[in-house]
Amino acid sequence: MVKKNLSYKKIINDQIKLRKEIVSNFIKDQSRVESQKEISLKTGINENTLTRIKNNPESVTSFDNMVALYTVYPELNKRFLNQ
């Protein structure tokens, strides 16, 4: 049973890591289309936070930021579904 729980934990951690990478890559790609200032104004996410997320996927820690990105940019959902 313990091995099974560790296996589930690894799967969940891998999913979290993958989704953080998707968000980081999305912000990188979106920054080519519009400025970080525009992204910040639309989502309410501080520009410094956007820069940290863009440069380091492990910086994605706030559920509020994820919801803001997901709400403003529905195309992010497609990336999650295509993982």
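Because the structure is a prediction, the values reported are computed rather than measured.
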Taking the side chain as everything from C-beta on, heavy atoms only, tell me whether [X] gets closer than 4.5 Å to [Y].
X     : Y     : result
Val23 : Phe80 : yes
Ile22 : Leu76 : yes
Ser31 : Lys54 : yes
Asp29 : Arg79 : yes
Gln36 : Ser40 : no

Exercise. Identify whether the distance between the nearest side-chain nitrogen and carboxylate oxygen of Glu47 and Lys37 falls below 4.0 Å.
Key: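 Salt bridge between Glu47 and Lys37, a charged N being under 4.0 Å from a carboxylate O: no.
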Quiz prompt | Basic-acidic side-chain contact under 4.0 Å: Lys42, Glu34 | solution =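 Result for this pair is yes, salt bridge flagged.
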Exercise. Test side-chain contact (heavy atoms from CB on, under 4.5 Å) on Asn25 and Lys28 and set out the steps.
Key: CA-CA 5 Å; Asn25 290 336; Lys28 285 177 195 169; 3.7 Å; yes
Self-check item: Test log, rule side-chain contact (heavy atoms from CB on, under 4.5 Å), inputs Arg52 and Thr49
Solution: CA-CA 5 Å; Arg52 279 195 304 277; Thr49 301; 3.2 Å; yes
Practice problem: Look only at the side chain of Ser24 and the backbone of Ile53, and say whether a donor-acceptor pair between them is shorter than 3.5 Å. | Solution: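 Pair found, side chain donor or acceptor close to backbone of Ile53.
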Exercise. Quick one: list whatever passes side chain to side chain donor-acceptor pair (under 3.5 Å) with Asp14, sequence neighbours left out.
Key: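 Side chain to side chain donor-acceptor pair (under 3.5 Å) list for Asp14, sorted by chain: Lys10.
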Roughly how far, to the nearest 0.5 Å, is [atom2] of [Y] from [atom1] of [X]?
X     : Y     : atom1 : atom2 : result
Ile39 : Tyr73 : CD1   : OH    : 4.5 Å
Leu69 : Asp64 : CG    : CG    : 11.0 Å
Asn56 : Thr51 : CG    : OG1   : 12.0 Å
Ile45 : Leu50 : CD1   : CG    : 5.0 Å
Asn65 : Ser59 : CG    : OG    : 11.0 Å
Tyr70 : Phe26 : OH    : CZ    : 11.5 Å

Quiz item: Can you list the steps and then say if Leu18 with Gln15 is a side-chain contact (heavy atoms from CB on, under 4.5 Å)?
Solution: CA-CA 5 Å; Leu18 176 61; Gln15 270 298 311; 4.3 Å; yes
